[in-house]
Amino acid sequence: MKKYFYIMVGLVTIGLSGCKKDFLELSVNPNTPSVTTPQFTLAGALKVASDIVNINYPHYGVWAGQLSPSGNYVPSPQLQQYQFTTDNYQVFAPLYANLTNFNTLETISADASFAKFRAIAKIMKAYDFEQLVDNYNNVPYTEAFNSSKTLFPKYDKGADIYADLIKQIDAAIALIDGNASATSPDISDIVFKGDMAKWKLFANTLKLRLAVRGKLTATLPASGDANYLNASVKAATQPGYTNSDAVGGQQSPFWRSFGFDQNGNPTGNNAYYRANAYELGILTATNDTLRARAFYAAIANDPKKIKRVGIIFGDDSAVPNAGTSAIGPGLLKSATQDGILMSSAESYFLQAEAVLNGTITGNAQALYESGIRASFVALGLSADDAVTYYSQPIANVSWAASTNKLQAIITQKWISLTGYGSLEAYNEIRRTGYPAVPRSIDSKAIGTGLPTRVFYPTSEYQQNADNVGKEGTIDPFKSKIFWAK
């Protein structure tokens, strides 16, 4: 098993390397010190949570029509032809390993004075478990951390897990509200630096995501910036990233994976993932030139450095890298950039949809336009640029010109999730059908439509065979996540 380790403020946690070990073996983490503190555990687990979501999902970015494999490489059957196996695209073990860290944080924070640590652990367990459901549907949940009693945990229904995650978030918010004088996480909280009011905004927004996607009738707070992530508050890690290739990766996770090493050399992902012609075409057709230039870099052989060229996914005669666009400067800012957990733009689009379907109250148009503005600003563009853009009388751009309001919201959310939010972008396509992203044109592509899910990992079939076997035969084009269209 190939692996590497993150060392963060004294805590050693499981790294991300396609590790195939079953999560049960990791439930007692041999790399975690036998004696630790909530501060050490919190900092390391938050860092790994950010690493997972920022590094592991480029295949979803490709299938979502945002990225495309480079013409410099031999076509990948698992990516381009959808011929992936139980060994491909696995986040099962990394997510459970880090969930063990957050579960440990709950245990060592049992004292009332550490209530704020326990609240953060509950919120982040919901964040990680949601990813497991969104990748695999049914997964171990109620027996996931009972290795002393249950060596082979049963699988719980994805819909049941979603419902309980909302209860866990509510419990976390209650802990925050009821323990104002508890010990502050301070700098060990590499997301909000101990600001529990901001953790409540994140918790509410995560709860909203679960409720909207899972069609749950949870009681949600009223709409507006006072309750959700907003233009001033996003959820992102910042432990003090530096331009260093030291063991564990001290660069920001997205930069480390898709940018450049400390000597300025492009990473493998930087060379491999290029602009997808589908999204670039949509941006061009709607005069979204500024975001196109932020998402995608100018092609190398354009002396004016203004031309952006995408690749039609699956085209086996694709133009080499010198003639296609890499990931752009609006996403690749620096080695020290934040690691995004959830953006302000996503929060606004979630609120807009929730208002549209009557889940919460508010002004759907104002929230929709706030989401577009937040997307522009996050890329280093101005709010005025966004206003100019969404004032155009074009469907899925202008609110007034969009007869299908849900399609407009999801299309703009999909655009805003380019780069940092590949999993969420693909989730929304599977949930709503928007936008209508085309399949790979590779003549050897199998199946029909887009993949609906990935397989459970090989390790589960080897080590938890009876329980995973009860899930039946997984068909990556027919087996769906419970919330999927």
Side-chain angles (χ1 to χ4, degrees), residues 6 8-9 13 16 42-57 61 98 102 116 119-121 123-128 130-131 169 172 185-209 225 228-243 248-259 294-295 327 329-351 370-371 373-381 413 416-425:
Y6 290 121
M8 179 65 191
V9 202
T13 57
L16 312 173
L42 176 62
L46 288 172
K47 181 178 184 294
V48 173
S50 183
D51 288 346
I52 291 172
V53 79
N54 279 278
I55 292 174
N56 280 266
Y57 299 123
N98 205 39
F102 285 122
K116 294 177 181 178
I120 294 172
I123 295 166
M124 292 306 300
K125 283 174 70 175
Y127 182 81
D128 279 358
E130 184 195 6
Q131 290 177 64
I169 291 172
D186 199 26
I187 60 171
S188 66
D189 169 12
I190 63 171
V191 179
F192 295 124
K193 303 298 185 287
D195 188 331
M196 301 311 292
K198 291 180 179 178
W199 272 107
K200 286 180 62 177
L201 298 183
F202 181 34
N204 282 329
T205 311
L206 182 57
K207 179 179 174 181
L208 181 62
R209 184 201 275 175
D225 288 358
Y228 300 107
L229 297 174
N230 54 63
S232 301
V233 184
K234 62 186 177 185
T237 53
Q238 184 49 262
Y241 294 119
T242 63
N243 189 25
Q250 294 180 17
Q251 294 177 320
S252 177
F254 188 83
W255 180 275
R256 186 167 76 246
S257 184
F258 299 98
F295 288 138
I327 294 174
L331 297 175
L332 287 172
K333 298 172 183 176
S334 76
T336 63
Q337 67 188 65
D338 292 345
I340 303 298
L341 297 173
M342 185 182 288
S343 69
S344 302
E346 183 187 353
S347 174
Y348 283 122
F349 291 125
L350 282 168
Q351 293 174 65
S370 292
R373 290 197 302 273
S375 173
F376 271 70
V377 171
L379 294 168
L381 305 171
K413 182 195 281 190
S416 76
L417 290 166
T418 301
Y420 306 145
S422 294
L423 172 61
E424 285 302 307

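No experiment lies behind these values; they were computed from the predicted model shown.
- Distance CD1/Ile190 to CG/Leu46: 5.0 Å, rounded to 0.5 Å.
- A donor-acceptor pair under 3.5 Å is absent between the side-chain atoms of Glu130 and the main chain of Ala126, judged by distance alone.
- Heavy atoms only, all atoms of each residue included: Tyr57 and Gln131 are closest at OH-OE1, 2.7 Å.
- Contact record, Lys125 with Phe102: CG-CB, 3.6 Å, taken as the closest heavy-atom pair.
- By the side chain to side chain contact (heavy atoms under 4.5 Å, CB included) test, Ala294 is found to be paired with Leu379, residues two or more places apart in sequence or in another chain being considered.
- Rounding to the nearest 0.5 Å places CZ of Phe376 at 11.0 Å from OG of Ser416.
- A pairwise comparison of heavy atoms in Ala425 and Leu417 identifies N-CD1, 3.6 Å as the closest pair.
- Note that CG of Leu42 and CD1 of Ile120 are 5.0 Å apart. Values are rounded to the nearest 0.5 Å.
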*asked:* Evaluate Thr205 against Gln351 for side chain to side chain contact (heavy atoms under 4.5 Å, CB included), listing each step before the verdict.
replied: CA-CA 9 Å; Thr205 311; Gln351 293 174 65; 6.0 Å; no
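- Judged purely by atom type and a 3.5 angstrom limit, Gln337 uses its side chain to pair as donor or acceptor with the backbone of Ser334.
- Evaluation of the salt bridge (Lys or Arg N to Asp or Glu O under 4.0 Å) rule for Glu424 yields Arg209, Arg213 as partners, not counting sequence neighbours.
- Under a 3.5 Å cut-off, the side chain of Ser375 and the backbone N or O of Gly371 do not form any donor-acceptor pair.
- Across all non-hydrogen atoms, the minimal contact from Asn98 to Ile52 is CB-CD1, 4.3 Å.
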*Check step by step if side chain to side chain contact (heavy atoms under 4.5 Å, CB included) holds for Ile55 and Arg256.*
CA-CA 9 Å; Ile55 292 174; Arg256 186 167 76 246; 3.5 Å; yes
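- The side chain to side chain contact (heavy atoms under 4.5 Å, CB included) test applied to Ala374 returns Ser344, Ala345, Tyr348, not counting sequence neighbours.
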Using a 3.5 Å cut-off and no angle test, enumerate the donor-acceptor pairs between side-chain atoms of residues 191-198 and protein atoms at least two apart in sequence or in another chain.
residue	atom	partner	partner atom	Å
Lys193	NZ	Gln238	O	3.1
Asp195	OD1	Ala197	N	3.1
Asp195	OD1	Lys198	N	3.3

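- We find the CG-OG distance between Asp51 and Ser257 to be 10.0 Å, quoted to the nearest 0.5 Å.
- Phe254 pairs by the ring pair (Phe, Tyr, Trp, His ring centres under 6.0 Å) definition with Phe258, Tyr420, not counting sequence neighbours.
- Rounding to the nearest 0.5 Å gives a distance of 4.0 Å between CG of Asp338 and NZ of Lys234.
- In this view, Ser50 and Asn54, Thr237, Tyr241, Pro253, Leu341 satisfy the side chain to side chain contact (heavy atoms under 4.5 Å, CB included) rule, not counting sequence neighbours.
- Between Lys207 and Tyr228, every side-chain heavy-atom pair lies at or beyond the 4.5 Å cut-off.
- For the residue pair Pro329 and Lys333, the shortest heavy atom distance occurs at O-CG, 3.7 Å.
- Between Ile169 and Ala203, the closest heavy-atom pair is CG2-O, 3.5 Å.
- To the nearest 0.5 Å, atoms OG1 (Thr336) and CG (Asn243) are separated by 8.5 Å.
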